[in-house]
Number of protein chains: 2
Amino acid sequence: MSSETSCTNCPLRRQAAFRANEASEIAFIERFKSRQMRVAAGLPILLEGERSDRLYTILSGWAHRHRSLGDGRRQILNFLLPGDFVGLQQELDHDAMHGIEALSDVTLCVFPRQRLWHLYQEYPSLAYDLTWLCAHEELIVDENLLSVGRRSAVERIGMLLIHLYKRAESVGLCSDGSVRMPISQQHIADALGLSLVHTNKTLRRLSLLGLIELRGGALRIGDLGRLRQLADYHALPLRARPLI
Amino acid sequence: MSSETSCTNCPLRRQAAFRANEASEIAFIERFKSRQMRVAAGLPILLEGERSDRLYTILSGWAHRHRSLGDGRRQILNFLLPGDFVGLQQELDHDAMHGIEALSDVTLCVFPRQRLWHLYQEYPSLAYDLTWLCAHEELIVDENLLSVGRRSAVERIGMLLIHLYKRAESVGLCSDGSVRMPISQQHIADALGLSLVHTNKTLRRLSLLGLIELRGGALRIGDLGRLRQLADYHALPLRARPLI
DNA sequence: CGTACTATTGAATCGGGTCAACGTCTGTGG
DNA sequence: CCACAGACGTTGACCCGATTCAATAGTACG
């Protein structure tokens, strides 16, 4: 197998955020994986309402998971970063309730859903990991729901930016106190249930207060302490997460 | 084992909503289960921030899962009905990010988290079921997030009432076109990110339009077709769900 | 009966939405 | 090299859905 697709040499495994796996587990993942796939920024990975028998791990790049209403109103449910696993939410014999879209150019590891059952039979530790990943994603959606339901616009944006910064940092995407974030203000608005205009004004306000710097697609947090307090941020565990 | 705690005779298993299990699986569940537990209406099952090593299945009654902010603002994340499984969201060595509270008197099946790993090793089919349940709960939270982020107050309430009605119906809690719902308007407001006052006025409006009847804690849907259209409701799969 | 929780309603207010322009940057083709 | 299109960001004016405050009814229960 080429080094490009070898799970043993997976660049993500070098990140401290992920827990180590047994060699046998990694070997299984390598056999489970059917191929790698690239999706260009802005293109769909999964269409809302589509039926799919694939599972994915994000190897590199950013994406988002979203649902929309009949008239086009759209809600981003969560953002997907390297190491995130997607596809469990949908059932084999049902149309997907959500869509997935690449935010930057994305590389995905593709797994055939048909062989998922085999994983459960042969590698209980990996099955356990999958459940963990699913539960953890739910925590993230929970958090976003709390924001959208109960936080003010400033708090929501503060929250989301800290959250994304921390997550990106945990998978090694932070350099020099700054993270490249391939998301537009429209994406932030769609994730937080705000209008584009109000999102812009609020971001502006946070910038002027010196709490954040968001320029040229890169985010730097100016005053983490104050921002954290403002947004009532509570960290989720980001270490020792499984990687499949 | 007394018939009260026998999983083979579990009253929920008589409901068509749940998929049948092998006798061996049920026997395992019965051994996995440490005890049964009753919690009175209004009391906590799990406190936000508490550490717990228990997993629960709701055997009867209603509950809700919630998170709150430092200053007391509270968001209900989802409602728990008979057959729902809770506890996976939190990690063994972390404080719970959410709380769980009984809405009515609730009976729970209690499982020791320590033996969860044993389940994964010995009963991959049940492990698979647990992942399914986790993914399904995420779908419900997704849906609620879409509502809170993008639907108007009328749409949100329409959505939630249809959703709860359908779920209750699927586990046999509907009699004569009407469901007993042990939730106050405050709970609806907390679930939908609305104020109590506005929730009341909106409910009133839906009643006057003849779309719903909500009296004495019982909900009847007056015109499902129109309500469904109004709320842009799309059904989640409620059949053949696993029961652990 | 009194206490406490839940529902109801009106009035005033405001956070955020909508509309409408304008600016800025980048890439593209004449 | 410049003209133009298209995507994204910025800003002001106005409006509306939802919040907040406040007061009044039910209803359950000891």
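Basis for what follows: all heavy atoms, side chains included, without hydrogens, waters or symmetry-related copies. Only a predicted model underlies this, so the values are computations on that prediction, with no experimental measurement involved. In what follows, every chain begins at residue 1, and chains take the letters A, B, ... in the order their sequences are listed.
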Peer 1: Under 4.0 Å, counting only non-hydrogen atoms across every strand here, what does B:S184 touch: a base, just sugar-phosphate, or nothing?
Peer 2: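 Sugar-phosphate contact only.
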
Peer 1: Given C:dA11, C:dT18, D:dT19, which nucleotide is nearest the side-chain atoms of B:K201?
Peer 2: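 The closest nucleotide is C:dA11.
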
Peer 1: Would you classify A:G216 as touching base, sugar-phosphate or nothing, given that sugar-phosphate means primed atoms plus P, OP1 and OP2, and contacts are heavy atoms under 4.0 Å?
Peer 2: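 Result for A:G216 = nothing.
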
Peer 1: Starting from P on C:dA7, measure out to CG on B:L206 and report it in whole angstrom.
Peer 2: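 Going from B:L206 (CG) to C:dA7 (P), I get 15 Å.
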
Peer 1: Heavy atoms only, 4.0 Å cut-off, all strands: where does A:L203 land among base, sugar-phosphate and nothing?
Peer 2: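 No contact.
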
Peer 1: Do you see a donor-acceptor pair shorter than 3.5 Å between the side chains of A:Y56 and A:R54?
Peer 2: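 A donor-acceptor contact under 3.5 Å links the two side chains.
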
Peer 1: Check every strand shown and say whether A:S152 touches a base, only sugar-phosphate, or nothing at a heavy-atom separation below 4.0 Å.
Peer 2: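 Touches sugar-phosphate only.
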
Peer 1: Atom CZ of B:R73 to atom P of D:dA18: distance rounded to whole Å?
Peer 2: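 To the nearest whole Å, that distance equals 18 Å.
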
Peer 1: If I take atom NE2 in residue B:H198 and atom P in nucleotide C:dT9, what distance separates them, rounded to the nearest angstrom?
Peer 2: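 Checked: the NE2 to P distance equals 15 Å.
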
Peer 1: The side chain of A:A153 is closest to which nucleotide in this list: C:dG16, D:dT11, D:dA18?
Peer 2: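 Out of C:dG16, D:dT11, D:dA18, the nucleotide with an atom closest to A:A153's side chain is C:dG16.
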
Peer 1: Regarding B:H66 and B:Q75, is there a side-chain donor-to-acceptor distance under 3.5 Å anywhere?
Peer 2: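 Absent: no donor and acceptor within the cut-off.
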
Peer 1: Pick base, sugar-phosphate or nothing for B:L196, based on heavy-atom distances below 4.0 Å to the nucleic acid.
Peer 2: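 No contact.
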
Peer 1: Looking only at side-chain N and O atoms, does B:Q185 come under 4.0 Å of OP1 or OP2 in C:dT8?
Peer 2: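 Checking C:dT8 against B:Q185, a side-chain N or O does come within under 4.0 Å of OP1 or OP2.
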
Peer 1: Look only at the side chain of B:N200 and the backbone of B:V197, and say whether a donor-acceptor pair between them is shorter than 3.5 Å.
Peer 2: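 Not a single qualifying donor-acceptor pair exists.
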
Peer 1: Nearest whole angstrom, please: distance from the C1' of C:dG15 to the CG of B:L194.
Peer 2: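 The answer, rounded to whole Å, is 15 Å.
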
Peer 1: Quick one: which of B:H136, B:E138, B:E143 gives a side-chain contact (heavy atoms from CB on, under 4.5 Å) with B:I140?
Peer 2: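 Going through the options one by one, the only one that passes is B:H136.
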
Peer 1: Between A:R156 and A:V197, which is nearer to the 5' end of DNA chain C once each is assigned its nearest nucleotide?
Peer 2: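 Taking each residue's closest nucleotide, the earlier one in sequence belongs to A:R156.
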
Peer 1: Do any side-chain nitrogens or oxygens of A:N200 fall under 4.0 Å of OP1 or OP2 in D:dT10?
Peer 2: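 Answer is yes, contact under 4.0 Å.
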
Peer 1: For the pair A:H187 and A:H64, name the ring-plane relationship: parallel under 30°, tilted 30 to 60°, perpendicular over 60°.
Peer 2: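 Judged by the thresholds at 30° and 60°, the geometry between A:H187 and A:H64 is tilted.
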
Peer 1: Does a side-chain N or O from A:R204 land closer than 4.0 Å to OP1 or OP2 of D:dT11, or not?
Peer 2: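 Answer yes for this pair, as a side-chain N or O of A:R204 is under 4.0 Å from OP1 or OP2.
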
